[in-house]
2 protein chains.
Amino acid sequence: MQKKSSATIYDVAHRVGVSLATVSRVVNGNNNVRESTKRKVLDAIEELGYHPNAVARGLASKKTTTIGVVMPDVTDMYYSELARGIDDVANMYHYDVLLTNTDEDPVRETMAVNNLASKQVDGIIFMGNELEREVLNTIAGVDAPVVLAGSVDGEGKLPSVNIDYVEAIKEATTTVIKNGHDRVAIVTGPVTHAINSLHRIVGYKAGLEEMQIAFDDTLLFATHQDYSAGLQVAEKIVSAGATAVIAYDDEVAVGIMNYLRDNGKKVPEDFEIITSNDTKFTLVTRPEVTSIGQPKYDIGAVAMRMLTKLMNNEIIDDTQIKLPHTLERRGTTRN
Amino acid sequence: MQKKSSATIYDVAHRVGVSLATVSRVVNGNNNVRESTKRKVLDAIEELGYHPNAVARGLASKKTTTIGVVMPDVTDMYYSELARGIDDVANMYHYDVLLTNTDEDPVRETMAVNNLASKQVDGIIFMGNELEREVLNTIAGVDAPVVLAGSVDGEGKLPSVNIDYVEAIKEATTTVIKNGHDRVAIVTGPVTHAINSLHRIVGYKAGLEEMQIAFDDTLLFATHQDYSAGLQVAEKIVSAGATAVIAYDDEVAVGIMNYLRDNGKKVPEDFEIITSNDTKFTLVTRPEVTSIGQPKYDIGAVAMRMLTKLMNNEIIDDTQIKLPHTLERRGTTRN
DNA sequence: CTGAAAGCGCTAACAT
DNA sequence: ATGTTAGCGCTTTCAG
């Protein structure tokens with residue numbers, strides 16, 4: 001299997017006895033080529049094993065057919081499912097995906113965006129809720145459309161695809177209250193993130209208000225986004241006298257549940273739990289975890305679809321898309 | 001925030017009154033530039049907001065500082081953890097990652113490899129155990145180094161990073177046999193994949209032989225790689241009279257466990273389970289699942305490190321790397 | 001230490 | 001329907 005330094009467009013043009021332009025035309029499906037010469041060109045391409053050089057093409061056409069995806073962490077189920085939705089529709093439209101993990105570090109986020117820009121990506125999908133001023137600025141300065149997926153910016157200006165977090169959390173909150181709980185805790189990420197302060201906590205308060213329960217900030221908890229964080233925060237939640245919790249992350253929720261059960265509490269009899277992301281984690285435990293249902297794959301897919309339109313300069317009626325959510329009632333709530 | 005069509009190297013050269021070559025030198029850290037002119041160039045770059053165009057650079061230098069990663073599915077925990085290891089060391093060496101999901105479809109795998117080649121990636125990390133003749137051929141024909149991560153080809157010729165599957169499965173098998181089981185089932189993927197026929201099943205048989213238990217092919221099962229497959233195969237495993245199982249995938253293992261427990265069997269008292277990938281799924285269930293411990297992140301990281309050497313034409317002593325594995329004894333085995 | 005010049009492989013007017 | 005001609009923005013000898 002020899003690694004032949006591949007043929008160029010010049011080689012095939014030369015072989016057939018036509019110009020570069022003609023070869024370029026058949027390669028790009030331009031119909032202004034006589035059928036017979038098209039055949040000859042195709043044959044030559046076959047024989048020479050010619051494969052167009054996408055880099056050269058990108059330089060000449062100023063389109064790379066590559067998009068960038070910036071995300072917190074591929075190993076996070078929630079984001080990886082969005083990524084899969086993105087990737088599938090990207091391929092559908094013949095885009096490749098340049099992937100970057102940031103761990104939600106603003107420094108790495110800005111570096112990632114700048115780097116993608118220098119690689120001349122045609123567009124960017126951004127995931128992550130840090131979105132500091134600096135990140136927003138560099139996004140604004142990039143000469144390629146950007147859409148947020150499963151993420152919100154404080155100002156709500158960037159094109160984005162999400163669910164209605166306020167409404168979803170409100171429903172979760174009222175659900176456990178209706179099940180008889182009056183001390184329901186909520187655990188989110190840092191309140192410095194818009195998605196927590198401006199959406200989740202707002203929804204939580206709205207739920208309390210609707211059920212006429214007074215807000216108590218000792219029932220507010222902020223954690224990292226992993227299993228051990230759940231294990232750790234659980235004790236504090238219990239100490240605060242809560243008998244139900246709304247969690248923003250499934251690993252955290254499962255951590256809380258396992259802590260409770262390992263410490264003799266019965267779920268859902270003694271304590272109810274609703275989580276937010278409906279990943280596989282919620283199905284694998286016993287009991288299965290009640291969760292807000294998010295169309296994760298679709299959020300990614302719709303975001304990518306929107307990006308294709310933006311890259312194509314199409315007019316878009318609504319750039320702030322909210323996809324429908326559900327409440328998947330399972331074993332960690334009584335109803 | 002205006003989308004200024006960015007400055008080129010020509011603009012900064014012109015502004016400073018030097019040649020393109022000089023600007024190129026300072027941008028690329030070539031020391032053959034007088035300190036004073038270097039300063040001037042840097043200032044101009046700053047003022048003009050110049051960012052090198054990586055596409056143009058790629059065309060001229062024939063290096064894109066981009067590698068391709070071909071994987072079955074980002075949402076699969078096992079592979080996404082490898083991907084994270086890959087991405088981290090890729091960034092360390094200033095490579096970007098072009099990611100493609102294949103669902104282990106050979107057609108998509110060959111397309112992915114060809115596509116990456118046309119994008120002129122400097123190297124490729126390939127994950128997935130299908131590796132049909134056709135895929136192998138196109139890999140061989142690509143003008144860029146390729147290394148397998150967490151995957152084996154039948155011939156064992158390609159550079160790769162794995163654990164010793166034979167040994168790992170053998171240990172798992174003898175472990176449950178020592179715990180008193182003489183009918184232990186094994187569930188793998190399709191036997192048409194080398195990793196199953198040439199590694200896992202071989203290890204299983206070696207374990208049986210060591211413990212002087214006769215091989216019984218009614219105890220061999222092949223499934224898809226997901227939770228519901230585990231739920232489904234569990235019944236058959238029980239019918240076959242097995243009292244222990246070695247599973248190749250954590251979701252499958254958890255599916256088996258949940259089926260058993262939902263049907264009144266006690267794990268590990270009545271039935272023992274050992275799984276293979278040690279993903280988060282094994283920690284989240286009750287009981288936690290005993291698993292072969294794989295250094296997943298490291299497999300990805302080491303594969304990527306090896307790829308950097310290959311891309312750099314460095315000599316590599318051993319291209320068939322086997323990283324150490326462990327047995328993480330948890331709640332689904334008695335010992 | 002710096003510049004000139006020739007591409008890298010392809011696309012995209014503009015002609016014909 | 002096909003060819004000519006400029007580049008795209010940068011790297012890289014080769015001179016000096």
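The analysis underlying the following values was restricted to heavy atoms, covering all of them including side chains, and did not include hydrogens, waters or symmetry mates.
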- Item | Backbone N/O of Asn129(A) and side chain of Glu104(A): donor-acceptor pair under 3.5 Å | yes

- Query: For residues 6-54 of chain B, which residue pairs qualify under ring pair (Phe, Tyr, Trp, His ring centres under 6.0 Å), counting only residues two or more places apart or in two chains?
  - Reply: Tyr10(B)-His14(B)

- Item | Distance, rounded to the nearest Å, where Ile45(A) contributes CD1 and dG9(C) contributes P | 16 Å

- Interface with DNA chain D, restricted to residues 28-39 of chain B and to heavy atoms under 4.0 Å: Asn28(B)

Between the protein and nucleotides 4-8 of chain C, list every N/O to N/O distance that falls short of 3.5 Å.
unit_1, atom_1, unit_2, atom_2, d
dC8(C), O3', Lys62(B), NZ, 3.1
dC8(C), O2, Ala60(B), N, 3.2

- Query: Roughly, in whole Å, what's the span from NZ in Lys40(B) to C1' in dC1(C)?
  - Reply: 13 Å

- Item | Short side-chain N/O contact from Thr22(B) to OP1 or OP2 of dG3(C), under 4.0 Å | yes

- Applying side-chain hydrogen bond (donor to acceptor under 3.5 Å, both in side chains) to Lys119(A) and not counting sequence neighbours gives Thr65(B), Thr66(B), Asp96(B)

- Task: Could you tell me which residues satisfy side chain to side chain contact (heavy atoms under 4.5 Å, CB included) with Ser160(A), sequence neighbours excluded, listed by chain and number?
- Result: Leu148(A), Asn162(A), Gln320(A)

- Message: Applying a 4.0 Å non-hydrogen cut-off, can you work out what Val18(A) is touching in the nucleic acid: base, sugar-phosphate, or nothing?
- Response: sugar-phosphate

- Task: Apply salt bridge (charged side-chain N to carboxylate O under 4.0 Å, His left out) to Arg25(A) and list each qualifying residue two or more places apart in sequence or on a separate chain.
- Result: none

- Query: Quick one: bend of the helix from dC1(C)-dG16(D) to dT16(C)-dA1(D) from 5 pairs per end, to 10°?
  - Reply: 30°

- Listed partners of Asn28(A) passing side-chain hydrogen bond (donor to acceptor under 3.5 Å, both in side chains), at least two apart: Ser24(A), Arg57(A)

- Query: Which nucleotide span of DNA chain D, 5' end to 3' end, has atoms closer than 4.0 Å to non-hydrogen atoms of chain B?
  - Reply: dG9(D) to dT12(D)

- Item | The single option from Val135(A), Thr102(A), Val69(A) passing side-chain contact (heavy atoms from CB on, under 4.5 Å) against Phe126(A) | Val135(A)

- Which residues pass the salt bridge (charged side-chain N to carboxylate O under 4.0 Å, His left out) test with Arg39(B), sequence neighbours left out? Asp43(B)

- Task: Respond yes when some side-chain nitrogen or oxygen of Ser24(A) is under 4.0 Å from OP1 or OP2 of dT11(C), and no when none is.
- Result: yes

- Message: Rounded to the nearest 0.5 Å, what separates atom CG in Leu82(B) from atom CG in Asp87(B)?
- Response: 12.5 Å

- Query: Listed by chain and number, what are the side-chain hydrogen bond (donor to acceptor under 3.5 Å, both in side chains) partners of Glu132(B), not counting sequence neighbours?
  - Reply: none

- Within the distance-only criterion (no hydrogens, no angle test), does the side chain of Ser151(B) pair as donor or acceptor with the backbone N or O of Met127(B) below 3.5 angstrom? no

- Message: Test of understanding: with salt bridge (charged side-chain N to carboxylate O under 4.0 Å, His left out), list the residues that count as partners of Glu314(A), not counting sequence neighbours.
- Response: none

- Item | Test item: Arg84(B) side-chain N/O and Val74(A) main-chain N/O as donor-acceptor pair under 3.5 Å | no

- Gln120(A) CD to dC10(C) C1', straight-line distance once rounded to whole Å: 16 Å

